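Computation of the quantities below employed the complete heavy-atom set of this structure, encompassing side-chain atoms and omitting hydrogens, waters and symmetry-equivalent molecules. What you see is a predicted model, and the numbers here were worked out from it, not measured in a lab.
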Amino acid sequence: MAKKLYYKIGEACKRLDIQPYVLRYWETEFPLLAPSKSTSGQRVYSEQDLRVIQRIKELLYEEGYTIAGAKKKLEKQDLSSLSEVREKPKPLEIAEVEPSEPEPPPAPKPAPAKARARSRPKAKGPKKKTPAAASGGAEAKLRRGIREALKEARGILELLDS
């Protein structure tokens, strides 16, 4: 098949074996993926766009990254080094082709840390006062600092998990 300068969304999806709704969703999630539009307003994808889409597909489906993790990986990666998009061999006869299962929709985003924290049951029972509680302002300042450090640590853990 001769290479084209631009591919319509249907052609790109067929070549990369993904559904158009998945590709449109990826466009909203990956700023790097911004296809041009034809004069009639239809999305058109270049060879470079196809390489980016192929890499996103590999990260999500083969390497098991989340959307957030794939975004970070792509930001760090030099996309000019992506290999050419590999075309799948076409079947000789339609009778030999088995029906393919529909592609699952994109995985939902994980709940933000605040939402997860709200869903945890609170510890019951009276709060115990420590001798340091009597010192007032110094302890309050220390507690705020600890809360801020914990919040930052949770954010870092969340980034590492994705």
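A search for side chain to side chain donor-acceptor pair (under 3.5 Å) contacts involving Ser46 returns Asp49, not counting sequence neighbours. Take Ser40 and apply the side chain to side chain contact (heavy atoms under 4.5 Å, CB included) test, not counting sequence neighbours, and it matches Ser38, Gln42. Applying the side chain to side chain contact (heavy atoms under 4.5 Å, CB included) criterion to Ala68, with sequence neighbours excluded, gives Thr66, Ser162. Judged as a side chain to side chain contact (heavy atoms under 4.5 Å, CB included), and not counting sequence neighbours, the contacts of Ile9 are Cys13, Pro20, Leu23, Arg24, Arg43, Tyr45.
With hydrogens and angles disregarded, a donor-acceptor distance shorter than 3.5 Å links the side chain of Glu11 to the backbone of Lys8. Remark: side-chain polar atoms of Lys71 are not paired, donor with acceptor, to backbone N or O of Phe30 under 3.5 angstrom.
Residues Leu5, Tyr6 make up the rest of the hydrophobic cluster containing Val44, defined by ILVMFWY side-chain heavy atoms closer than 4.5 Å, directly or through other members. Other cluster members for Leu160: Ile156, joined by side-chain heavy-atom distances under 4.5 Å among Ile, Leu, Val, Met, Phe, Trp and Tyr.
At least one side-chain heavy atom of Tyr7 sits under 4.5 Å from a side-chain heavy atom of Glu47. For the pair Trp26/Ile18, a side-chain contact is recorded, criterion being any heavy-atom separation below 4.5 Å from C-beta on.
Closest approach of Tyr65 to Leu60, counting heavy atoms only: O-CD2, 3.4 Å. For the residue pair Lys57 and Leu16, the shortest heavy atom distance occurs at NZ-O, 2.7 Å. Heavy-atom minimum distance, Arg55 versus Lys73: NH2-CE, 3.9 Å. Taking every heavy atom of both residues into account, Val22 and Tyr61 meet most closely at CG1-OH, 3.9 Å. Listed here is the closest heavy atom pair of Ala12 and Leu50: CB-CD2, 3.6 Å.
If you take CG on Leu157 and CD on Glu152, they are separated by 11.0 Å, rounding to the nearest 0.5 Å. Rounding to the nearest 0.5 Å places CD of Gln54 at 10.0 Å from CG of Leu59. Between the CG atom in Leu74 and the NZ atom in Lys76 there is a gap of 11.5 Å [rounded to 0.5 Å].
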Kindly determine whether Lys72 and Leu159 satisfy side-chain contact (heavy atoms from CB on, under 4.5 Å), including the steps that lead there.
CA-CA 9 Å; Lys72 288 180 184 149; Leu159 290 174; 2.5 Å; yes
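In this structure, a donor-acceptor pair under 3.5 Å is present between the side chains of Arg51 and Gln48.
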